[in-house]
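Below is one structure, written out as structure tokens, with a few remarks after it.
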Amino acid sequence: MSAGYDTVLLEARGVGKRFGALAAASGINFKLDTGARQALIGPNGAGKTTFINLLTGVLTPTEGRVLLAGDDITEVAQSERVKRGSGGNFQIN
């Protein structure tokens, strides 16, 4: 855990997404503590957007679980996730 934080707000456990034979993301484990800030970096095609879409409910994982404040939200619709305080925002150049 990050120094000064003690509650896991958002967690991915073994999350992955397949599109047919293509594994766009696989086996991702991630924890974000309450109040923490993280950066997600990598080259084009690394699966960054896919991972964010899995966390926010734009896509449903084909493997693994997504938890918000300890509650399993893997199958929860994007609109319901927003009501629970989780959402995404597109980057505007």
Pairs touching residues 23-58 that satisfy ring pair (Phe, Tyr, Trp, His ring centres under 6.0 Å), sequence neighbours left out: F30-F51
With heavy-atom distances below 4.5 Å as the criterion, would you say the side chains of L55 and L10 are in contact? yes
Looking only at heavy atoms, what is the nearest atom pair of V82 and G87, with distance? CG2-CA, 4.5 Å
State plainly whether one hydrophobic cluster holds both L40 and L68, where clusters connect Ile, Leu, Val, Met, Phe, Trp and Tyr through side-chain heavy atoms under 4.5 angstrom apart. yes
Test of understanding: with salt bridge (charged side-chain N to carboxylate O under 4.0 Å, His left out), list the residues that count as partners of R65, not counting sequence neighbours. D72
Tell me which pairs pass side-chain hydrogen bond (donor to acceptor under 3.5 Å, both in side chains) where either residue lies in residues 12-24, with sequence neighbours left out. E11-R13
Testing the basics here: between G14 and N29, what is the closest heavy-atom pair and its distance to 0.1 Å? N-OD1, 2.8 Å
Residue pair S26 / E63: nearest heavy atoms and the distance that separates them: OG-OE2, 3.6 Å
Taking the side chain as everything from C-beta on, heavy atoms only, tell me whether T7 gets closer than 4.5 Å to D33. no
To check you understand the geometry: which heavy-atom pair defines the closest contact between V8 and K31, and what is its length? CG2-CD, 4.1 Å
Interatomic distance, CG@L9 vs CG@L32, rounded to 0.5 Å, equals 6.0 Å
If a pair satisfies salt bridge (charged side-chain N to carboxylate O under 4.0 Å, His left out) and one of its residues is in residues 76-91, list it, with sequence neighbours excluded. E80-R84
For V58, what residues pass the side chain to side chain contact (heavy atoms under 4.5 Å, CB included) criterion, not counting sequence neighbours? N53, T56, Q78
What's the shortest heavy-atom distance between V66 and P61, and which atoms? CG2-CG, 4.3 Å
From OG1 (T60) to CG (L54), nearest 0.5 Å: 8.0 Å
Count I, L, V, M, F, W, Y as connected when their side-chain heavy atoms are under 4.5 Å apart, and connections chain through other members. Are L22 and I52 then in the same cluster? no
